[in-house]
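Just below is one structure, and these are the notes that go with it.
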Amino acid sequence: MLVPRISTMAVSSPWSQFSEPEQMSSVAQPDFSQWSCPLPLRDYPLIVMGHGGGGRLTSELIEHIFVPSFRNAALEVMADSSVLTLPAGRLAFSTDSYVVQPLFFPGGCIGDLAVNGTVNDISMSGAKPLYLSAGFILEEGFPIAHLAAIAERMGAAARAAGVAIVTGDTKVVEKGHGDGCYINTSGVGVISMAGPCNGSIAPSQARPGDVVILSGTIGDHGMAILSVREGLEFETILRSDTAPLNGMVESLLRFAPHLHVLRDPTRGGLASSLNEIAGQSKVGILIDERKLPILPDVQSACDLLGMDPIYVANEGKLVAIVEPGCADDMLRVMHESPYGRDAAIIGTVTAQHAGILAAKTAIGGTRVIPLQIGEQIPRIC
Amino acid sequence: MKYLDEFRDEELAQHLAREIRQIATRPWAIMEVCGGQTHSIVRNGLDQLLDGAVEMIHGPGCPVCVTPLELIDKALHIASIPGVIFCSFGDMLRVPGSHMDLFRVKAQGADVRVVYSPLDALRIARESPGREVVFFGIGFETTAPANAMAVHQAKLQEITNFSMLVSHVLVPPAIAAIMKSPTCRVQAFLAAGHVCSVMGYWQYSPLVEKYKVPIVITGFEPLDLLEGIRRAVVLLEAGTPQVNNAYERAVSFEGNKSAQKLLSEVFEVADRSWRGIGKIPLSGWRLRDAYREFDAESRFKVSTITAEESPLCRSGEVLQGNLKPNECPGFAKECTPRHPLGATMVSSEGACAAYFNYGRFVPVESIQ
């Protein structure tokens, strides 16, 4: 059994809490001796206002951090915009901003999240994600070594997902006006009209009789972040599940006419995604709580804090709603993906209780799972 | 014990529920005292398994729910004072005061922090000399030992910038108040295991004798609760009111002696107002004179703040078991978790929120 040692609440500098040990040691620190800038960067390797000024210092960041990390032909043109050639089809376009604290956490960092999050959003419409933009808002005083580590991880995540970061922007805000580093990524992908999916995958397409498949364990990311942010120490380390899902989606698309909905249950957790699908498709969804894959450590942490894993964020999971005839085949395909080994059929779509998500409980009762009003708050006792 | 799965076993749960249905010759009205029990009953659909054999009445044991409105207003006032760091359990942040809640005060610039232990607040005080750090010390006997420890340590370590806004309430006087009510329908109580792990259960024997009502101490997992209900029904059917401990793995007759010693060192019994119920004599704790210097109410001179409840809210009747949440005219109309009129709709443990969230107002047939 997990024995929690609930000890602290962060009051120190936000980017000092969870930094070097695991996350940054493997990442090359920038070599300041090679920099052309004669200014005191070598002695004071922190972001200063000038890094957002568009001048020499901005160029230095681009040249020494972003270009080497993201390396691709479109970016290296260094024009005001990147000019891209897209394959024929319909365009999927998505944007998301990342403000996670701490910036580095077990299983990933804000950089992985910013790439994987947008890659996954694009993939959920059945599109193949191709190009991303990256906008950074940095706080004066933020360590350049941390920025380098984040950029390095973004580059690695983009390569792993097979997408290119082709344009970007950096702004600096005064000390105290930001939280170290915020990132926005936008991205485009293409739904091939010649392919099996012609744009019919959408949250409004669930039909009574369909089967609900979940690609793996829920609550990993949210509990990993909570445990480091709030200084809750458990005997084991909870790890974020941040991962690109476009590879898995691509292999699922061959079921396309029978694959009706894809969603990645991020903020608000599985409960929010399924509630939204029930509302948009005007159907009921009934899941079996006993079939939800949940890591024992995550379940323990949730029980301890009085939280429900079904509302906790995921960053590397998807829920697929499919015709019953191909559910088992699809499950097999998911199991073959490195990010779908724990995939399970968790429920069905019904014509009854339209707009409502209901669950069979662990002991065989029934309950309704509503949308949360705000953030889930740990219970008092 | 591997984990908690053993206490969530479906087969055993169905077996216990079947047994309860078989032995109950009439629909007994049993009150679970604590909000944590309510949460588990509704979240697991236990009341459905019982299929009318027992009527569960949701008691006043959610500390967030029974904290009086004027105390919330006092908290909001203190939190808004420049320089104050106001620390609270997360649940309290959404509880509406007369005009605001702590989330909104925070958005306006107040330094409001969620902590998981009062000792975290004490540490913040130690690390923030020059700032006043106030902890919102609410709850039943469960949270009281840690709160007492924080005040005790503050005195010992001379941390003078720490204080506590105390609103502790006690279970036995609440049970007595419910039994004294002329409209009381409760025939047995499920007492809360965590309260008893601190206080023991010796305090319940006089209540059983006086009111001839069985009191069974339970845990919070589905099987704990079902076993507690089963024992209560057995006692009711036999007509032999007793105190019965169905949570032996955590609760002893005497309770935690060192916690009790600390509690009586720091706190003294006092009259307390309960939201929705009103004043119950000798139903709570306040800081003793020796610790009065750590009392936020006197430090920030907020004892004159008073407040009036919304006239629409009937949470008092809900808390006493005389009204089901969904029978309240305001339920799910004027009063929702998004716009709560009373605290029973705010806390995740509140009876109204539990009904709203877990859909007891949706006919069961429609989700099967």
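We name chains A, B, ... by the order of the sequence lines, and we start the count at 1 in each one. The analysis underlying the following values was restricted to heavy atoms, covering all of them including side chains, and did not include hydrogens, waters or symmetry mates. Keep in mind that this is a model prediction, so the values were computed, not measured.
Of the two parts of B:Phe103, only the side chain, counted from C-beta on, holds a non-hydrogen atom closer than 4.5 Å to a non-hydrogen atom of chain A. With a 4.5 angstrom heavy-atom cutoff, A:Gln372 does not touch chain B via any of its atoms. For B:Pro337, the parts lying near chain A are the backbone and the side chain together; criterion is any non-hydrogen pair under 4.5 Å.
Salt-bridge formation is not detected for the pair A:Lys360/A:Glu289: no Lys NZ or Arg NE/NH1/NH2 atom is positioned less than 4.0 Å from an Asp or Glu carboxylate oxygen. We find that B:Arg113 and B:Asp111 are joined by a salt bridge, their nearest charged nitrogen and carboxylate oxygen being less than 4.0 Å apart.
The list of salt bridge (Lys or Arg N to Asp or Glu O under 4.0 Å) pairs with a residue in residues 133-145 of chain B, not counting sequence neighbours, is empty.
Evaluation of the ring-ring contact (aromatic ring centres under 6.0 Å, His included) rule for A:Tyr98 yields no partner, not counting sequence neighbours.
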